[in-house]
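Here is the structure we will look at, set down as C-alpha cells.
Because the structure is a prediction, the values reported are computed rather than measured. Just follow the structure's listing: the first ligand is 1, and inside any ligand the first atom is 1.
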Amino acid sequence: MGKNKVILGCQWGDEGKGKIVDLLAADSDIIARFQGGANAGHTIVVNGKQYILHLIPSGIIHPGKQCFIGNGVVLDPFAFKEELEFLVEHGIDYSGRLWISPATNLVLPYHKLIEDVEENRRGTKNLGTTKRGIGPAYVDKVARHGIRVIDLFAPERLRKRLEFQKTIKSQYLTGSDDERADLNWIYESLMTLVELFQPLVKDISLALYDAYKTNKSILFEGAQGTMLDVDLGTYPYTTSSNTTIGGALTGLGISPKMIDSVIGVVKAYTTRVGAGPFPTELIDETGEKLQQAGNEFGASTGRPRRCGWLDLVVLKHTTRINGVDSIAVTKLDVLDKFEEIKVCTRYEHEGNTLENLPLDLAELNYVKPIYETLKGWNTSIKGITKYDNLPEETKAYIKYIADFLEVDIALVSTGPGREETILF
Ligand code: GDP
Ligand code: IMO
Ligand code: MG
C-alpha cells in the first residue's frame, strides 16, 4: 500500500468503506471525500459506539485529522448542519479541521421535491433512490445552473440564482404548495447558515497539492460503489456521480500523480439497495440468512438490502476500472454459518458463457450466474485479528478471490469494530 490511498466501493455500495477509512485514517493526515452526498451512510464503530456519517469524511472520529469535502460532492447544507450537531453531541471537535470546497454544489429542498415527483412518474420502474435530492442536484450542476457553497457569501447573486430556478423549474415549482418549492423561505434559511459555512471554506485542490508537496499522507474517500457509477454502473439504476477513480481526481482537483495506491472495498458477498439488476441475488432462505447475519439494512434509509453470493464477474469489472491494487474484504464473519459458500465466476446468457459483463448492462437482468462452490468454515471468526488464527477454509476463500481478481489483499474485516481487522 502506498502512502496516499483512494478507498472506494467495488460493488453496489455499503461495502464497509466507512470502517476501512476510519481504520486507515489513523496513519493519515488528511481524509478527503470526493463525490456523492447525503445518500451515503458510512458506519464506524469505535469501542462499541456507532457513528453513521453521510457527508463528513470518515476520518473525523480521529482527533486531529484534517477532513476535506471536495467539489465533486453535492452538499445538503441543512443535513450538513445536523451532522455537525451530531458530532458536537458526541464530543467530536471539528473546529479547524473540517474544510469544504467553494465549488461544492448545494442540494436544496426543491431537489428533493423534484426527485419525489420524478420517482412517482417512473411508477413501478422507479430507481429506488435515497430521496436525498442527489440526482436533481447533479443535473443542475451539469446544466450549469447549480448553486454552490461560494454563492452563500454573495447574497444578491444567490437571490438571483434562486430566482432563476423559478423559471427553469416552473413545472415543479409554480403553483406548488409544498414548502420545498418556496424560494423565499429557502433563501432566508440559507442566510441563517452563512456564519456556519464562512470559516469552513478552503481551496481544497490547492490544500491537497500543498499537503502532497510537504509529504503528508492523504486518504481519498469514495461513496457508493463502482456499480452505481453514472457512467460505468448499471445505468439508469445508478447514482448520479462518478463513484470510480476518475471521480477522485475531478471531485477534488488533484493529479493522478498524487495517488500511490487504490484500495477496493469488497464485501464477502453482494448486496444492493434500491432497484436494478443483480445477477447473484438470492430471493430465498439463503438470501434472508445473509441479510439477517449481515444486518443488511441501509445506514441512510433503513431499507432492507437485497443479498446474494459474491459476484466475481462484477468485481473483475470494478477492480479493473479503478486500477485496484489491493482489496479490503469486509464482513467475512457474516459467512460464519455456511457449510458451503458460492462465488459466481461467469454468467450464462442465451447459450453463451460470459466471462465479462454484457455489452448492454440491462442484460444483467437475464444472465444466469455460474457458481463455484467453496467449503465454508462453519465456525466463528468474529473479531479475529491474526491471519494465522483464521480457519484454513477462510484463508482459501480469501485466496480464491485475490487470485481470481489478480489483486493483493490489504486487509480483512471480521466485525464492525475498528479493531476487528486483520492487516496484511
Ligand atoms: P459503507 O457505506 O461502505 O461505509 O458501509 P455501511 O456503513 O453502509 O454498511 C456496512 C455495515 O456493515 C455497517 O453496519 C458496518 O458497521 C458493518 N460492518 C463493516 N465491516 C463489518 C464486518 O467485517 N463484519 C460485520 N459483521 N459488520 C461489518
Ligand atoms: P454508501 O456510500 C448503497 C443507491 C440507492 C439507489 C441508487 C440511486 O453508503 O455506500 P441516489 O439517492 O444516489 O440517487 O440513489 O443508488 N445508493 C446507495 N446504495 N450505498 C450507498 O452509499 C448508496 N447511495 C445511493 O439505493 O439504488
Ligand atoms: Mg453505506
Suppose we call two aromatic rings close when their centres sit under 6.0 Å apart. Are Y237 and W12 close by that rule?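 That pair fails the under 6.0 Å test.
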
Tell me if the aromatic rings of Y172 and Y110 count as close, with their centers under 6.0 Å from one another. no

Please test E221 against R33 for salt bridge (charged side-chain N to carboxylate O under 4.0 Å, His left out), starting from the C-alpha separation and ending with a verdict. CA-CA 5 Å; E221 177 180 9; R33 170 84 181 265; 5.4 Å; no

Qualifying residue, where the test is salt bridge (charged side-chain N to carboxylate O under 4.0 Å, His left out) with K331 and the options are E296, E420, E15: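 Among the candidates, only E296 passes.
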
Protein neighbours of ligand 2 with a heavy atom under 4.0 Å, given by chain and number, are W12, G13, D14, K17, N39, A40, G41, H42, L127, G128, T129, T130, A223, Q224, L228, T238, T239, V273, G274, R303

Would you call [X] and [Y] a side-chain contact if the rule is heavy atoms closer than 4.5 Å?
X    : Y    : result
Y397 : L332 : yes
D27  : S217 : no
N71  : F34  : no

Does the pair K395/E392 count as a salt bridge with the N-to-O cut at 4.0 Å? yes

NZ/NE/NH1/NH2 to OD/OE distance under 4.0 Å, D76 and R132: no

Under-2.8 Å neighbours of the Mg ion (ligand 3), protein N/O/S atoms only: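 With waters ignored, the protein N/O/S count below 2.8 Å is 2.
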
Checking the side chain of D14 only, and the main-chain atoms of Q224 only, is there a donor and an acceptor separated by less than 3.5 Å? no

Counting distance only, does the side-chain N/O of N322 pair as donor-acceptor with the main-chain N or O of V324 below 3.5 Å? no

Give the C-alpha distance, both sets of side-chain angles, the deciding distance and a yes or no for salt bridge (charged side-chain N to carboxylate O under 4.0 Å, His left out) between E372 and R346. CA-CA 9 Å; E372 297 294 319; R346 28 203 211 287; 3.5 Å; yes

With sequence neighbours left out, what residues match E85 under side chain to side chain donor-acceptor pair (under 3.5 Å)?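 In terms of side chain to side chain donor-acceptor pair (under 3.5 Å), with neighbours along the sequence ignored, E85 is linked to K81.
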
Protein residues near ligand 1, heavy-atom distance below 4.0 Å?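 Under the 4.0 Å cut-off, ligand 1 touches D14, E15, G16, K17, G18, K19, G41, H42, T43, A299, R305, K331, D333, V334, S413, T414, G415, P416.
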
